[in-house]
Asks: 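My questions will all concern the structure given below.
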Amino acid sequence: MDLKYTRKNVYKEADGKELEAIYAYAEGYKQFLNCAKTERDAARVAEKLAIEKGYKPFSFGEKLQAGDRRYFINRHKNVFLINVGTENVEENGIRIMVAHVDSPRLDLKPNPVYEDSGLCYFKTHYYGGIKKYQWTTIPLALHGVVMLPGGKSVEVNVGEDESDPVFYITDVLPHLGGEQASKTMANGISGESLNAVIGGLPAVGDEEEKEAVKSAILKLLNKKYGLTEVDFQCSELCLVPAGKARDVGFDSSLIMSYGHDDKVCAYPEMTAIFDSQSSPHTIISVFADKEEVGSDGTTGAQCQIIGDVIDTIARSLGANPIAVRYNSKCISADVTAGFDPEFASVYEKRNSTYIHCGAAISKYTGARGKSGSNDANAEFMGWIRDILDADGVYWQTGELGAIDAGGGGTVAKFIANLGIDTVDVGVPVLSMHAPYELISKADVYALYKACLAFCK
Ligand code: MN
Ligand code: MN
């Protein structure tokens with residue numbers, strides 16, 4: 001019997017067969033990353049996969065029964081996948097997994113288009129916590145939707161195909177960067193200077209016209225999408241890093257990509273619910289929106305709608321919704337800050353999670369003395385530990401950085417506030433919220449196994 005606890009490196013423990021499974025799972029995950037960059041993209045992918053797996057649309061009025069498989073896409077951005085199980089839902093509750101599918105990015109302002117000095121630009125308003133200087137001089141792609149008058153919507157996706165143009169935010173050259181370099185990193189690039197170049201070709205024969213480049217760009221957009229400038233005011237368009245997820249290292253043991261936070265948890269919970277068809281439990285897998293800006297609104301995890309879906313399932317099965325919630329259990333599947341030896345001073349190394357060491361459990365998150373954290377109780381931590389150990393899942397625990405170094409939160413508290421035992425289980429990420437983040441293939445696979453164990 002081991003009296004001392006030692007964190008295990010999955011890659012050191014795994015045999016050849018397991019290593020093969022880890023690398024194979026990563027291929028599916030990379031495909032998901034490449035087509036699920038925004039919450040709308042992720043919802044579209046989830047809906048398509050759910051239909052392929054035989055899931056039917058959910059409605060609030062319907063009568064469910066054991067064996068039913070349902071999907072509900074709330075306002076194009078918030079996904080619920082539902083497996084109705086055979087066991088008594090009032091006594092056993094529902095197994096709930098919640099990840100978020102929004103990631104930090106640059107949203108377009110309502111009046112985004114302007115021209116200056118021969119270039120046409122989009123003005124942006126950043127979404128979520130970013131280090132602004134990281135978003136200059138990288139290829140950006142435009143994703144989203146524009147509403148035309150009369151209710152017609154147009155999907156926009158430019159910059160992901162190899163033959164597409166991309167968009168670009170400039171930075172000052174080092175030769176003239178003295179003034180910028182004397183500022184703090186937080187102030188070196190301002191929010192109002194995150195303006196992306198979208199064109200430079202003036203409209204022909206319009207030499208006298210002011211803003212000839214802007215005119216030409218609007219003509220192009222009108223031809224391609226049927227939109228006029230005012231339609232941007234009824235749009236959700238955002239710039240995200242262009243390009244695909246890539247393996248990192250000679251051994252390809254890691255993946256760099258935009259949006260690991262939190263697709264690295266959304267993908268495992270989705271694949272786990274799909275792969276848990278024989279489970280007796282009633283299971284819900286949720287993709288939440290708006291986590292990066294506080295989980296508010298009709299598609300965020302603070303929205304009543306999560307409770308409404310649970311209550312609808314409960315009532316439709318003839319169960320008391322209050323008892324169902326009380327007996328339910330939730331994994332808040334979100335990333336945490338993996339220990340980065342290059343920035344060791346902001347971590348406490350005995351209570352950090354480490355890359356390659358498996359699913360990362362955070363009993364609590366928060367800042368300034370656990371403030372704003374649900375702090376899972378010891379009994380629930382013990383329950384989680386037992387189900388993971390029973391299935392040989394690699395897991396570890398840690399805090400998000402050293403005390404008073406900063407902090408962060410997840411959707412865990414919003415689910416816990418419904419009266420549901422909840423704990424954060426995710427994946428350690430390096431360079432979190434950067435345009436391209438880094439994770440270990442071993443850890444995303446470990447989280448998949450953890451979700452499978454939770455659904456079993
Ligand atoms: Mn997150
Ligand atoms: Mn985040």
Side-chain angles (χ1 to χ4, degrees), residues 29 32-33 36-39 41-43 77-79 96-107 126-132 134-135 238 240-241 245 255-270 285-297 299-303 306 330-338 340 346 352-353 355 359-367 372-374 376 398-401 405-416 422-440 443-444 447 450-451:
Y29 173 48
F32 179 72
L33 283 167
K37 287 198 174 180
T38 69
E39 61 277 3
D41 297 336
K77 297 192 275 190
N78 170 209
V79 178
I96 303 163
M97 301 175 287
V98 188
H100 67 91
V101 283
D102 60 317
S103 300
R105 62 181 188 236
L106 305 175
D107 285 344
Y126 64 92
Y127 171 97
I130 62 165
K131 293 164 90 172
K132 294 186 273 284
Q134 293 180 330
W135 294 71
C238 54
V240 296
I255 303 170
M256 67 160 267
S257 173
Y258 170 66
H260 281 313
D261 179 7
D262 186 29
K263 280 84 171 189
V264 75
C265 301
Y267 184 72
E269 68 163 48
M270 178 179 71
S285 162
V286 185
F287 285 5
D289 178 30
K290 294 280 182 285
E291 194 278 340
E292 297 295 357
V293 291
S295 297
D296 293 295
T299 51
Q302 292 204 62
C303 180
I306 292 186
C330 176
I331 282 181
S332 160
D334 205 347
V335 299
T336 186
D340 187 339
V346 298
S352 292
T353 55
I355 208 98
I361 304 182
S362 303
K363 185 176 182 297
Y364 49 85
T365 56
S373 164
N374 73 308
E399 299 183 320
L400 197 157
T410 66
V411 302
K413 63 177 173 179
F414 307 124
I415 312 302
T422 306
V423 66
D424 282 298
V425 184
V427 166
V429 173
L430 302 187
S431 311
M432 195 196 293
H433 285 204
Y436 301 97
E437 305 169 314
L438 189 65
I439 62 102
S440 166
D443 297 331
V444 62
L447 181 61
C451 291

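Counting starts at 1 for both ligands and their atoms, following the listed order. For the numbers below, each heavy atom of this structure counts, side chains included, while hydrogens, waters and symmetry mates do not.
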Asks: Could you pull out the N/O/S protein atoms under 2.8 Å of the Mn ion (ligand 2), ignoring any water?
Replies: Asp261 OD2, Glu292 OE1, Glu292 OE2, His433 NE2
Asks: Any donor-acceptor pair under 3.5 Å linking the side chain of Ser431 with the backbone of Glu437?
Replies: no
Asks: Test His260 against Tyr29 for ring-ring contact (aromatic ring centres under 6.0 Å, His included), laying out the working first.
Replies: CA-CA 10 Å; His260 281 313; Tyr29 173 48; 5.7 Å; yes
Asks: Within the side chain of Asp261, is there an N or O that forms a donor-acceptor pair under 3.5 Å with the backbone of His433?
Replies: no
Asks: Taking everything shown except Tyr126 itself, do over 12 heavy atoms lie less than 6.0 Å from its OH?
Replies: no
Asks: With under 30° as parallel and over 60° as perpendicular, where do the rings of Trp135 and Tyr258 fit, or are they tilted in between?
Replies: perpendicular
Asks: Side chains of Asp107 and Cys238: closer than 4.5 Å at any heavy-atom pair?
Replies: yes
